[in-house]
Amino acid sequence: MVDEASSGGDFRPFAVQCVSCQSRLKVSNPSLIGTIVNCPKCNSFVQIDPPENTAGATQPTPPKVTLGDESIGSEAMTEAGMSVGTLPSDLPGDSAADPGSLVAPPLADGSSFAADDEYASGSSLDSDADLDASSSGVDPNELYQARRSGTSKSVAMWIVGSLLSVTLLAGLFLWFRQPDSTAGLPVADLGPTADTFNEPTDPIQANDPEVAPIADGNEPTATEDSTLTDDEPSDEAAETVDGDAVSDGVTDPVVPNLTGVPNDLMPRSPLDGPPAVLGRDEPSEGPVAQPLANDPAPDVVTELPPEFAQFQILLDMPGQAPDATPMSEAPVLEDVVLDIAAEEFVDPMLIATPPEEVDIETALKMRLAISTKGYPLSDLILFLGEATLIPIQLDWVSMDLAGTDLRQLVATDAKGWTTMGQLLGSAARSAGLKIETEEDRLTLTLPMEVLQSKTETLVDLDDFGTERGSAETLLNQLNAAIELEPRDALHLRCLTTESLRRMRQHPSTLDDDVMTRWTAAYSHQPTEVLVDDGLPPAWKVLSRGKTGPQLDTAIAMAGLLRRTSRVNDATCIINWTDAQRRRLSPGQLVMAYAGEAGNEVTAGDMLGRTLDPIGLQIREVDSSHWWVGTSATYDRLPVVVRSEPLGPRRDDVLNRIRESARLVGGGLAIEHDPVSDGFLAVMPRFLYRQLPKIVGPEL
């Protein structure tokens, strides 16, 4: 080191310059020579080298480090510059002799020098700084604070720079995404080509056929053969040249691209112009041209691309009412708007929570003790379903045509303890029924041979006399139009034959109550209400009846229906096809509200509130029969319709009924009876309900 003693006492202060802030610092302490100190302004490191004219200096000069020097690694430089405790206090002689070794000078405290008055005031960056003489060594705490302050300033500058960069990038992005406000403005004719970057700016050069613009290899250069002049007008009134509309040989004015970016490379913003359609947009090529007056209107997009068609169901899902059915457009027959059948809809929450699966064989082995002299068949079926959780379906149509009463008393042969299977078997044998086992339910119906024997008189045509031939031909044509299972085909044959008897005024062989449930006699007496709203449904939604006392505990659904129907002296039949589709189990517990004293509700209101969340309805077939199902199933239940004489409008009436069935998509089989001049038809109930407005005000 060079100090005042070794230099003979002739040390003179000198100045050094900070390489970071360019400030001049004054060195007044000779012990600082060869050390690294902190700049009092920017807090960066400054190396104090001895002046060139210092006499007798023995301080070795560290080798200069040049960027890109492969012999010195950046990691070694960083460790040598930042470490304190491992630095040598004196430079060994062999290190000075070896120019290839890198030795870091010792660090000095930033308090060893101070800025002069001019520097402290901040008026000049090139002012000298006074260095206070300090013989003390390096204080680690002050060095740590100095380095921490420098690091904080560096981090702050980095954050500010990052924020400025992000702001600049966001501004550039928004500027590039904004629409071209000059599109469509009239400007001077720039020539037939759309590329404004390759056009010469000199008008003489542009018109000189000997001078051609420089082509980049992707676009053809303009020549005399491709140039339209006033002497060579176009053959057509309007044509397109490179995307620009040309009329009468004159190019429409185009707009130069003022942004400096080709239009086909500009990103398209979904906020500009009409909404984009997936799979239909094409990139814009060249400037925007004004459409001609005689251009046809663009086609309206009416469907989604094939890859998005699978998501069409999401657009049809109801929003506010999750159990509401999707809306459909009503068909129109001339000036008559026809109603379509109710749509089938199952709440997804019901599908997500299916009932517990029931093992039918195991459930029928349950034992109970029962003692009864007779129990109504329909009530016993509901009780067994409630106890075993097995849905049990009754074949109502077969039992009606065979004359089997649903409320007949059935006796049990068992005494004391017996199984559910034995109890159900005894009841079925007592009513002349058989049990058909399916995968998830049981069905009680008449054996086919028993049904045929009991309906033999219904399908016999001997009572038609001389009209037997025409009656058999008409019935064969009507029944052949509908493909059914043998049992259902026998049901239809019985009902159509009995309806034809009544049309031709022959003695009937079937009870009127049964005919009212499955057939209808249409008499055309239209009123303004019937033409607008149609006939009222034959099976009305239950709105009356007694509820019985209010229950203080939950009850099974089958038990609630059995209890309420018995109070009203009625029989309840459940369509288990609809009920199981909605995950309804006979043993599902419900809490029905029967009202309070002075504020009682009807049985229809109580059962409607209970069944509505499941999507089921309870309908009053007649005074002694209730039916549980969905409105969609009820609308599609077939009904055999017979009419009065049609008169001169017979062909028009038949055509209108056939056309209506085609429009609404309902199955129809209809035949004209020449003997009675009426029609005999099999149609769904929702179509029958609209016959007054289909036929018209006058028959």
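- The backbone N or O of Gly421 sits nowhere less than 3.5 Å from a side-chain atom of Lys365 that would complete a donor-acceptor pair.
- Side-chain contact between Trp626 and Leu607 is present, with at least one heavy-atom pair separated by less than 4.5 Å.
- Taking CE of Met683 as the reference point, atom OH of Tyr522 lies at 10.0 Å (rounded to 0.5 Å).
- Residues meeting the ring pair (Phe, Tyr, Trp, His ring centres under 6.0 Å) test with Phe383, sequence neighbours left out: none.
- Taking the ring pair (Phe, Tyr, Trp, His ring centres under 6.0 Å) definition, one finds that Trp627 meets it with Trp539, sequence neighbours left out.
- Rounded to the nearest 0.5 angstrom, Asn568 CG and Arg544 CZ are separated by 7.5 Å.
- Annotation: side chain of Val332 is not in contact with side chain of Leu663 (no heavy-atom distance under 4.5 Å).
- Taking all atoms of both residues into account, the shortest heavy-atom contact from Thr418 to Leu423 is OG1-N, 4.4 Å.
- Considering only residues two or more places apart in sequence or on other chains, Asp405 meets the salt bridge (Lys or Arg N to Asp or Glu O under 4.0 Å) condition with none of them.
- A salt bridge links Arg689 with Asp635; the closest basic N to acidic carboxylate O contact falls under 4.0 Å.
- Under the 4.5 Å side-chain criterion, counting only non-hydrogen atoms from C-beta, Asp460 is not in contact with Glu456.
- Thr445 and Arg487 are linked by a side-chain donor-acceptor pair at a separation below 3.5 angstrom, with hydrogens and angles left out of the test.
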Could you go through residues 488-495 and list every donor-acceptor pair under 3.5 Å that involves a side-chain atom there, pairing it with any protein atom two or more places apart or in another chain?
residue : atom : partner : partner atom : Å
His491  : NE2  : Ser398  : OG           : 2.7
Arg493  : NH1  : Asn476  : OD1          : 2.9
Arg493  : NH2  : Asn476  : OD1          : 3.3

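- Across every non-hydrogen atom of Leu377 and Ala431, the tightest pair is CD2-CB, 4.1 Å.
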Show me the donor-acceptor pairs, under 3.5 Å and distance only, between side chains in residues 548-557 and residues at least two apart or in other chains.
residue : atom : partner : partner atom : Å
Gln550  : OE1  : Ala594  : N            : 2.5
Gln550  : NE2  : Ala592  : O            : 3.0

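- Taking each heavy atom of Val664 and Pro331 in turn, the nearest pair found is CG1-CG, 3.6 Å.
- Ionic pairing of Arg650 and Asp677 is present here: one or more N-O contacts between side-chain nitrogen and carboxylate oxygen are shorter than 4.0 angstrom.
- Here the straight-line distance linking atom CH2 of Trp518 with atom CD of Glu498 works out to 16.0 Å at 0.5 Å rounding.
- The shortest side-chain heavy-atom distance between Val675 and Ser470 falls under the 4.5 Å cut-off.
- Shown here for Ser499 and Met515, the closest heavy-atom pair between the two residues is OG-CE, 3.8 Å.
- With salt bridges taken as basic N to acidic carboxylate O contacts below 4.0 Å, one links Arg581 and Glu344.
- Checked by atom type, the side-chain pair Arg441/Thr577 shows a donor-acceptor distance below 3.5 Å.
- Atom CG in Leu401 sits 9.5 Å away from atom CG in Leu446 (nearest 0.5 Å).
- No side-chain donor from either of Asn655 and Asp652 sits under 3.5 Å from a side-chain acceptor of the other.
- Defined by atom type and a distance below 3.5 Å, a donor-acceptor pair is present between the side-chain atoms of Glu438 and Thr443.
- Cation-pi contact between Arg619 and Tyr634: present, with separation from the ring centre below 6.0 Å and deviation from the ring axis of at most 45°.
- Using a 4.5 Å heavy-atom cutoff, the side chains of Ile618 and Leu611 are in contact.
- Ion pairing between Glu659 and Arg656 fails under the 4.0 Å rule for side-chain N and carboxylate O.
- Among all heavy-atom pairs drawn from Leu364 and Thr419, the shortest one is O-CB, 3.6 Å.
- Between Arg517 and Asp512, no side-chain nitrogen of the basic residue sits less than 4.0 Å from a carboxylate oxygen of the acidic one, so the salt-bridge criterion is not met.
- Gly666 and Pro684 get closest at one heavy-atom pair: CA-CG, 4.3 Å.
- In this structure, Leu500 and Phe464 have side chains that are in contact, with non-hydrogen atoms separated by less than 4.5 Å.
- The side-chain hydrogen bond (donor to acceptor under 3.5 Å, both in side chains) contacts involving residues 375-391 comprise Asp379-Arg566, Glu386-Arg562, where partners must be two or more places apart or lie in separate chains.
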